[in-house]
Amino acid sequence: MMRKLVIATSNQGKFNEFSQLISDFPIEIVPQPEGIKVIENGKNFKENARLKACTVANQTGCWALADDSGLSVAALQGAPGVHSARYAKTDLERINKIIHALEGISDRRACFTASLCLASPENKILIEVEGHCEGLITHVPRGTNGFGYDPIFQVNELGMTFAEMSMETKKVCGHRGKAFSIFQSRFREII
Ligand code: IMP
């Protein structure tokens, strides 16, 4: 019988993205059942990804794959970091809050991180990987693609914001794409 893998997210977009990335593997991909609540109180992305993967694996009796991601701004001592999704009410308000916080500050360095964790029902951590993307916070938003903080994050190698890139380019140089590519090769080894 094929092994089941639960994607530990209630976000349909993330579920689709994950499912597509691991569709080549001999595994049955299933969504997270409704009603599972995870308290994301880890102090970093890795801890939160672990909390999500372990809670869902334990409650479903299947392997579970989770991710946690966010933006860390150097001059803001790493904020918004693990609070990226809750930094303000809307994407626009979150973007404005960062631009405002960096007014008059020349150090614009920032980094996106994506942590992925695969856990077993016995809460064994099977795979744990992290992808990073280094860049600068722009003075004004640029571009219309993507989501979240994409319009104000300019990637160092390309000089473009995530929102100015195609999805394919973002996949190659972005934090999530990098984490996925390490994950896929490790997953191939254990499956
Ligand atoms: P998570 O769903 O708990 O991992 O929250 C991640 C939050 O970080 C999102 O709601 C966004 O605000 C931000 N974020 C993560 N990855 C990206 C990205 O690729 N572009 C823009 N914002 C991102």
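Start at 1 and go down the list; that is how both ligands and their atoms are numbered. Numbering starts at 1 and runs along the sequence shown.
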Subject >> Connected via hydrophobic side-chain network under 4.5 Å: Ile7 and Leu118 >> reply: yes

**OP:** If you have a sec, work out which protein heavy atom is nearest atom 19 (O) of ligand 1 and how many Å separate them, to one decimal?
**Re:** Lys170 NZ, 2.8 Å

Original post:
Looking only at protein heavy atoms, which one is nearest to atom 8 (O) of ligand 1, and how far off is it?
Top reply: Ser84 CB, 3.4 Å

Subject >> Within-shell test, Gly70 vs ligand 1, heavy atom, strictly < 4.0 Å >> reply: yes

Original post:
Side chains of Gln12 and Asn16: donor-acceptor distance under 3.5 Å anywhere?
Top reply: yes

**OP:** Over all heavy atoms of both residues, which pair between Ile127 and Val129 is shortest? Give the atoms and the distance, please.
**Re:** CG2-CG1, 4.0 Å

Subject >> Between Gln154 and Thr161: side-chain donor-acceptor atoms closer than 3.5 Å >> reply: no

Subject >> atom 14 (N) of ligand 1 - nearest protein heavy atom and its distance >> reply: Phe112 CE2, 3.7 Å

**OP:** Could you find the nearest protein heavy atom to atom 22 (N) of ligand 1 and give me its residue, atom name and distance?
**Re:** Tyr149 N, 3.3 Å

Subject >> Top protein contact for atom 16 (N) of ligand 1, by heavy-atom distance >> reply: Arg176 NH2, 2.7 Å

Original post:
So is Asp150 in contact with ligand 1, going by heavy-atom distances below 4.0 Å?
Top reply: yes

Original post:
Would you say the side-chain atoms of Arg108 pair up with the backbone N or O of Leu102, donor to acceptor, closer than 3.5 Å?
Top reply: yes

Subject >> Top protein contact for atom 2 (O) of ligand 1, by heavy-atom distance >> reply: Lys14 NZ, 2.9 Å

Subject >> Carboxylate-amine/guanidinium contact Glu128 Arg50, below 4.0 Å >> reply: yes

Subject >> Check: Ser69 N/O within less than 3.5 Å of ligand 1 N/O >> reply: yes

Original post:
Can you find a side-chain donor-acceptor pair between Thr113 and His175 that sits under 3.5 Å?
Top reply: no

Original post:
Where is the nearest protein heavy atom to atom 10 (O) of ligand 1: which residue, which atom, and how far?
Top reply: Ala85 CB, 3.5 Å

**OP:** Quick one: look up the protein heavy atom nearest atom 3 (O) of ligand 1 and list residue, atom name and how far away it is.
**Re:** Asp68 OD1, 3.2 Å

**OP:** Would you please say whether a donor-acceptor pair under 3.5 Å links the side chains of Glu93 and Thr90?
**Re:** yes

